[in-house]
Novice: 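Could you have a look at this structure, given as structure tokens, before my questions?
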Amino acid sequence: MDNKITALNSLHKKYGAKLVSFAGYEMPIQYSKGIIEEHKSTRENAGIFDVSHMGQLFIKGASSLAEDLEKIFPVELKSCKLNQSKYSFLMNDEAGIHDDLIITKVVDGFNIVLNAACKHSDFKLLKELLGDKYEMNLSEELSLIAIQGPKAVKILEKIIYGVSELKFMNGNSFNYLDESIYITRSGYTGEDGFEISMKNKHAELFTEKLINEGANLIGLGARDTLRLEAGLCLYGHDMDINKSPIEASLKWAISKNRIISGGFIGFEKIKSQIENGISKVRVGIKPEGRIIARENTVIFSEDNKNIGKITSGTFGPSIQVPIAMGYIENSFSKIDTKIFLEVRGKKYPASVSNLPFYKKSYVKGVNK
Amino acid sequence: MSEVKFSKEHEWIKLDGDTATIGITQHATEMLGDIVFVELPEIGSSVAKDGNAGVVESTKAASDIYTPVSGEIIENNQSIVDDPAKVNSDPENEAWFFKLKITNKSEMDSLMNKEEYEKFSKESGN
């Protein structure tokens, strides 16, 4: 099957990208400087991410739309303010996660950003759930570009006046080349940043402007190390259809009122898991020394019992130690519990760790 | 000292008497990306031609290291274990992986010289 390309494909090539197949798209895994440099430049400066492969779904509708979406998603949408974004999931009846997503209230409805690999099945499922009541459009005309890092705000403000006023997890429309573009203050790196939705035809020149202002292009490789340091889940790895938000340690994303009132898909299971507990839970894991425990590494207890599996593991360039996340039997999930990871037939000591691994330390006076 | 030879698994080998010094090529490091972990064979262990002799991990994935000739490990380079980034910066000199006492010098014959290796790595595209 041929891969699709994004509007930034030739720009990726121009800047020396190594391109790989990812979720049906030809995407940059890294550029010429490599993953560690890209990672650090995002933490210290600003990184640009082409996330145009992700789905941008627009659902138009009046007040009944929020009510109908609340029957699907475990967040409060009726009371959602204009331009406010919320992190949520699309679940099945067993609270297994079809996808994780960001839903934003816009003037004429909601827009939902979906994972690339799931977007078409999500669309189909949502269409089935909502029927023909609302106009739904999974855009092919829009690019999505993220800029992340401590200097993201300064750089973007130079091109789009007023973005610095946006609050975290809020968006707004801005003017760019006499057209309306939509920007949210959000991201997936543990850094301050923005996600910019604009027509494909403007994406390349806009990205060049960001580069000219000092931001660097960042590939999927550093995107993965950044999000893992920030303790964030990657769909298909740290969460999937066989895991619930409770097991994925994402209860914080289910609004408190909805846990009481229910009425969304998967509620019964969520409620029962909260009341009766769960057997496995997602935790952060820090190996001792330099050993890297990749996905599917088996986790053992001190008395040599198989107690779980790693779902993501890498080396954290900003913290200079290996890091991982995985699912572990609940009784071993306490912070600092000593565990062992089997890598290439040998067992290496590790411990259960707090998440995130990397925490932003804001320095006063820097963000002038 | 003999000329440097190369294997299809992207290792280089330099023979000095009975002692062979082995590392991975510049081309290999470019394919692997940033190296963040190195595991080397233990001193005193025996390794067989094309057999496993260590592991490198990049930010992306783990890759096995193979030995292009058989022998007994007499030295390994702890400095690349402590600072794996050295492998990216100087793979064909300072960041050698291990030294072994070669058991059969004729195993060198099947390896490539520099020119052949450059052609091989270009053509194979890997």
Side-chain angles (χ1 to χ4, degrees), chain A residues 16-22 27-42 218-229 234 237 287-297 310 312-324 341-346 348 350, chain B residues 9-10 24-45 47-48 50-67 73 76-92 95 97-98 121-122 124-126:
Chain A
K18 265 189 204 171
L19 295 162
V20 296
S21 172
F22 182 84
M27 298 300 288
I29 183 100
Q30 65 169 80
Y31 300 84
S32 50
K33 284 182 188 158
I35 293 173
I36 290 182
E37 273 301 308
E38 289 173 25
H39 178 112
K40 288 183 176 167
S41 80
T42 305
I218 311 297
L220 294 170
R223 188 165 178 242
D224 195 51
T225 55
L226 287 159
R227 68 92 195 166
L228 189 48
E229 274 189 350
L234 181 62
H237 301 265
E288 287 173 19
R290 295 191 71 101
I291 198 80
I292 297 168
R294 305 278 178 186
E295 189 171 2
N296 293 325
T297 298
I310 299 289
S312 279
T314 190
F315 178 80
S318 296
I319 51 176
Q320 287 290 307
V321 290
I323 48 176
L341 308 172
E342 190 175 74
V343 179
R344 294 182 285 272
K346 262 197 321 218
Y348 294 89
Chain B
E9 299 291 347
H10 306 283
I24 66 172
T25 65
Q26 176 80 36
H27 178 75
T29 61
E30 282 160 15
M31 289 187 299
L32 291 167
D34 297 316
I35 290 162
V36 293
F37 175 82
V38 178
E39 192 175 275
L40 296 171
E42 278 172 36
I43 294 170
S45 63
V47 290
D50 300 329
N52 216 314
V55 176
V56 289
E57 295 214 29
S58 72
T59 37
K60 284 175 281 190
S63 311
D64 287 321
I65 299 298
Y66 302 95
T67 173
I73 304 292
N76 57 29
N77 188 357
Q78 279 303 312
S79 78
I80 60 169
V81 175
D82 299 336
D83 183 9
K86 274 189 181 161
V87 180
N88 289 100
S89 55
D90 195 11
E92 297 190 15
F97 275 53
F98 53 87
S121 52
K122 235 176 234 159
S124 63
N126 60 9

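Chain naming here is simple, since letters A, B, ... match the order of the sequence lines and numbering starts at 1 in each. As a basis for the values below, the full set of heavy atoms in this structure was taken, side chains included, without hydrogen atoms, waters or symmetry mates. Given the structure is predicted, the values throughout are model-derived calculations rather than measurements.
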Novice: Answer with side chain, backbone, both or neither: which region of A:Q320 has an atom nearer than 4.5 Å to a non-hydrogen atom of chain B?
Specialist: neither

Novice: How close do B:K60 and A:Q30 get, counting heavy atoms only, and between which atoms?
Specialist: NZ-OE1, 3.2 Å

Novice: Using a cut-off of under 4.5 Å on heavy-atom pairs, state which of B:G33, B:A62, B:A61 scores highest against chain A.
Specialist: B:A61

Novice: So for B:D82, is it side chain, backbone, both, or neither that comes closer than 4.5 Å to the heavy atoms of chain A?
Specialist: backbone

Novice: Within a strict 4.5 Å, meaning less than it, do heavy atoms of the A:I36 and B:V36 side chains meet?
Specialist: yes

Novice: Please determine whether the number of non-hydrogen atoms from other residues, nucleotides or ligands lying under 6.0 Å from atom CD of B:Q78 exceeds 12.
Specialist: yes

Novice: For the backbone of A:I35 and the side chain of B:T59, can you confirm whether one donor and one acceptor N or O come within less than 3.5 Å of each other?
Specialist: no

Novice: Taking the side chain as C-beta and beyond, is there a heavy-atom pair between B:E39 and A:I291 under 4.5 Å?
Specialist: yes

Novice: Non-hydrogen atoms of chain B under 4.5 Å away: do they reach the side chain of A:R290, the backbone, both or neither?
Specialist: both

Novice: Between B:V81 and chain A, which part of the residue has a heavy atom less than 4.5 Å away: side chain, backbone, both or neither?
Specialist: backbone

Novice: Does NZ belonging to A:K33 count more than 12 external heavy atoms closer than 6.0 Å?
Specialist: no

Novice: Using a strict cut-off of less than 4.0 Å between a Lys/Arg side-chain nitrogen and an Asp/Glu carboxylate oxygen, indicate whether A:R344 and B:E57 qualify as a salt bridge.
Specialist: yes

